[in-house]
Amino acid sequence: MLEKLSQLREEISQALQSPTPEAIENLRVKMLGKKGEITSVLKGLGALEPNERKSAGQAANELRDWAQEQIDTAKVQAQGVLQAQALTTEHIDITLPGKRRGIGRLHPLTQVYGKLEELFISLGFDIVEGPHIETVYHNFDALNTPESHPSRDVTDTFYFNDDYLLRCHTSPMQVRLMEKQKPPIRVVVPGKVFRRDEIDATHTPVFHQMEGLVIDKNIHMGDLRGIMELIASHIFGANMKIRLRPSFFPFTEPSAEVDITCYACNGKTRQDPCRVCKGSGWVELWGCGMVHPKVLENCGIDPAVYSGYAFGLGVDRITSALYGITDPRFYFENDVQFLKQF
Ligand code: PHE
């Protein structure tokens, strides 16, 4: 028995001279596995004479511990050799330039919203947002818009059913604000609006507005004009000329469109019509007017005491005018080549 043990010891020493990790594992199974040689020696101890069993048992246990230790050490060493080899063959060239990650920036529309908000905050306006899904009442009826008005048509507005729609302007927030809050009111409402327009060079079914509403005692048309000029000079610089052109909205009286000097031709090419202003020399940017007395009444505000003005800035158009962008589709395409210019 003792002789067998010293044979096994010799065999293990031999096998571990300069082994591969697989050879070590094979040796472990051969010696210490369930049916391994050392394991079966240990199992066979019970069959020995009691006087022989003690010394053989001791020697076999000692061999098992020794073998386990030799194998563990050899494994660690073999791993180290492999790693050292990998380090010389699989090295990484850390001097290669990395891939630069571009830093994003604000979308041009977001930048213009930011500029507008900066102005209105400085003038003491509140900024609030409203729901995209509106009631027909807030979007049309309360705004004095009769059933016959073309904007109410199913071909112009996205209806969910008879009572709900996607707002086609930010003006319903005028009503929500006046229903909730008594004057003085001084607020702007940035947000998306939706219309059933085919996509082309001047229309997108989603676009961006910023509604403004001021209600107080003694508010008049001159206040409106002054604010319209402030907006234009804040965005386009002090030299930008605006004009208020008489217009019609059911919820304002009188109403006006705010035009600026054409940014493409500078108002000069009336002989050779310009693509942007069609030769008029002016570009329409947004609508405005004095809040209609009926709208004040609909919201429980006495038009004999209070008056006010409202405006609905076309943020896409303002942004196009500011940066000379000739097609609103660019705003929605998320083309980095376009976006990184602003
Ligand atoms: N809601 C109008 C539009 O979308 C713009 C507007 C707002 C006009 C406020 C007057 C007053 O065309």
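Not measured: the values here are computed from a predicted model. Order of listing sets the numbers, starting from 1, for every ligand and every atom in it.
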Specify whether Phe311 and Phe125 have parallel, tilted or perpendicular ring planes, treating 30° as the upper limit for parallel and 60° as the lower limit for perpendicular.
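Taking Phe125 first and then Phe311, their aromatic rings sit tilted (interplane angle of 30° to 60°).
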For Trp66, does the six-membered ring have the charged nitrogen or CZ of Arg9 within the cation-pi criterion, i.e. under 6.0 angstrom from the centroid and within 45° of the normal?
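Pair Arg9/Trp66 counts as cation-pi.
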Identify, with sequence neighbours excluded, every residue that meets ring-ring contact (aromatic ring centres under 6.0 Å, His included) alongside Tyr159.
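Once residues adjacent in sequence are excluded, Tyr159 has no partner under the ring-ring contact (aromatic ring centres under 6.0 Å, His included) criterion.
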Present, as a list of atom pairs with distances to 0.1 Å, all nitrogen or oxygen contacts under 3.5 Å between ligand 1 and the protein.
unit_1   : atom_1 : unit_2 : atom_2 : d
ligand 1 : 1 (N)  : His169 : ND1    : 2.9
ligand 1 : 1 (N)  : Ser171 : OG     : 2.9
ligand 1 : 4 (O)  : Arg195 : NH2    : 2.9
ligand 1 : 4 (O)  : Gln209 : NE2    : 2.9

If you measure from the Lys or Arg side-chain nitrogens to the Asp or Glu carboxylate oxygens, is any gap between Asp335 and Arg329 under 4.0 Å?
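Arg329 and Asp335: not salt-bridged.
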Residues Glu229, Arg225; criterion salt bridge (Lys or Arg N to Asp or Glu O under 4.0 Å); working and verdict:
CA-CA 6 Å; Glu229 281 176 356; Arg225 164 109 209 173; 2.9 Å; yes
Between Phe140 and Tyr164, is the gap from one ring center to the other below 6.0 Å?
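Centroid distance Phe140-Tyr164: not below 6.0 Å, so no.
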